[in-house]
Amino acid sequence: MDNVVVLTGAGISAESGLRTFRDSDGLWEGYNIADVATPEAWDWNPALVQDFYNLRRKSVLEAKPNAAHYALAKLEKKYKVTIITQNIDDLHERAGSTEVVHLHGIITRSQSSKDPNLTYPIDGWELKMGELCELGSQLRAHVVWFGEAVPMIEKAAEICSKADIFMLIGSSLAVYPAAGLINLVAKDVPKYIVDPKIPAVYGLGPMIKIEEKATVGVPGLVESLLKSN
Ligand code: NAD
């Protein structure tokens with residue numbers, strides 16, 4: 001069974017109603033990244049950061065997977081599919097994908113602000129100030145902030161190095177170390193990119209650019225892979 005490795009970014013969830021942040025104004029839902037997605041922001045104003053992620057969580061819980069998420073789940077009929085997502089939503093899982101690596105965490109869980117390895121499910125959308133982990137420290141969203149280590153990057157790197165087919169869907173490739181993963185895929189492996197604004201990538205071997213929105217480009221690509229020999 002061929003190994004399909006898919007790296008997804010915020011663009012795959014855009015048509016589920018979850019906004020990307022680099023497309024329009026360089027802000028995330030009106031916020032400057034430095035004010036809500038860094039350890040310094042948490043030190044400065046934890047209640048604001050908590051509120052920001054509570055609202056993101058509420059939107060995620062209200063959103064539904066779209067045709068692109070469902071198509072990737074269908075690809076498992078014929079291939080061993082591993083999705084490495086930069087997204088903090090759970091739409092791949094809800095669409096039925098079984099192997100999903102969350103590089104930047106998942107917003108439906110909380111984590112200790114003392115030990116990032118301590119994570120917990122969240123009941124509902126709101127994580128309150130005063131809710132504590134077993135070590136007695138405040139619970140925060142289980143997401144990787146800018147400036148924090150990306151614990152899953154080594155596992156993701158190994159997965160990419162074993163790909164027989166690679167796809168990049170809806171990512172501007174502006175956030176590192178995630179953006180560097182495409183360079184770890186073997187040069188002769190076909191690389192499909194689905195994005196209405198294809199990011200600049202050069203010198204990486206066979207590249208098939210599908211300049212479409214995810215809900216159009218991904219189902220079409222999946223159908224052609226399912227039909228191929
Ligand atoms: P990005 O915002 O930097 O880039 C989004 C990319 O998606 C762009 O290349 C854009 O052209 C493309 N795009 C827009 N609409 C699309 C569509 N309908 N179909 C396909 N592609 C489309 O996103 P990024 O590279 O993932 O980096 C953003 C970071 O922000 C991630 O690390 C993630 O953690 C976080 N984020 C997550 C979510 C989410 O979980 N849904 C949403 C916003 C931001």
Side-chain angles (χ1 to χ4, degrees), residues 6-38 41 49 52-72 83-95 97 100-109 111 125 140-153 156 167-182 191-201 207-222:
V6 190
L7 176 60
T8 65
I12 195 169
S13 297
E15 292 163 88
S16 291
L18 302 175
R19 285 177 58 189
T20 64
F21 66 68
R22 273 181 197 76
D23 271 331
S24 44
D25 47 12
L27 299 175
W28 193 359
E29 299 283 351
Y31 284 88
N32 191 316
I33 304 300
D35 295 336
V36 289
T38 59
V49 174
F52 173 78
Y53 284 102
N54 279 340
L55 293 178
R56 302 289 73 74
R57 187 176 305 109
K58 191 164 188 280
S59 306
V60 164
L61 294 175
E62 285 164 4
K64 292 192 174 70
N66 64 45
H69 299 103
Y70 284 117
L72 291 177
I83 297 176
I84 301 169
T85 188
Q86 298 170 76
N87 295 342
I88 56 176
D89 65 56
D90 62 350
L91 297 182
H92 286 302
E93 286 90 343
R94 279 199 264 148
S97 285
V100 186
V101 174
H102 280 269
L103 268 187
H104 296 157
I106 186 160
I107 198 164
T108 50
R109 294 184 74 81
Q111 84 179 41
W125 64 274
R140 51 166 270 195
H142 175 45
V143 298
V144 174
W145 288 326
F146 290 90
E148 289 188 317
V150 181
M152 298 306 278
I153 197 69
M167 294 180 196
L168 173 72
I169 305 168
S171 174
S172 63
L173 292 184
V175 177
Y176 279 83
L181 288 171
I182 192 168
K191 298 173 190 72
Y192 297 88
I193 304 188
V194 183
D195 198 304
K197 271 190 258 159
I198 305 274
V201 273
M207 193 78 72
I208 304 97
K209 298 177 181 172
I210 303 171
E211 208 156 359
E212 302 266 16
K213 288 185 169 186
T215 59
V216 176
V218 180
L221 172 57
V222 165

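Order of appearance sets the numbers: ligands from 1, and atoms from 1 within every ligand.
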Should the proximity of [X] to ligand 1, defined as any heavy atom under 4.0 Å, be assigned to the side chain, the backbone, both, or neither?
X	value
His104	side chain
Val175	side chain
Ala10	both

Point-to-point distance, once rounded to the nearest 0.5 Å, from [atom1] of [X] to [atom2] of [Y]:
X	Y	atom1	atom2	answer
Arg56	Trp125	CZ	CH2	11.0 Å
Leu91	Lys64	CG	NZ	11.0 Å
Ile83	Leu72	CD1	CG	5.0 Å

**Report entry** Exceeds 12 heavy-atom contacts within 6.0 angstrom, atom NZ of Lys191
**Finding:** yes
Report task. Consider ligand 1: state whether an atom of it lies below 4.0 angstrom from any non-hydrogen atom of Arg19. Result -> yes
Query raised in the report: Would Ala174 count as a contact of ligand 1 if the rule is a heavy atom under 4.0 Å away?
Result: no
Heavy-atom closest contact ([X] atom, [Y] atom, distance):
X	Y	answer
Ile12	His69	O-CE1, 3.4 Å
Pro151	Val144	CD-CG2, 4.3 Å
Leu181	Ile84	CD1-CG2, 4.2 Å

For [X], counting its heavy atoms only, list the atoms of ligand 1 lying under 4.0 Å from any of them.
X	result
Glu15	17 (C), 18 (N), 19 (N)
Pro196	13 (N), 16 (C), 19 (N), 20 (C), 21 (N), 22 (C)
Ser13	41 (N)
Gly9	26 (O)

Report task. Report the member of Ala68, Gly217, Ser172 with the shortest heavy-atom distance to atom 1 (P) of ligand 1. Result -> Ser172
Kindly confirm or rule out an N or O of [X] lying under 3.5 angstrom from an N or O of ligand 1.
X	value
Lys213	no
Ala214	yes
Gly170	yes

Query - Any side-chain heavy-atom pair of Ser97 and Val6 under 4.5 Å - result: no
Query - Pairwise side-chain contact, Ser59 with Leu18, heavy-atom cut-off 4.5 Å (strictly under) - result: yes
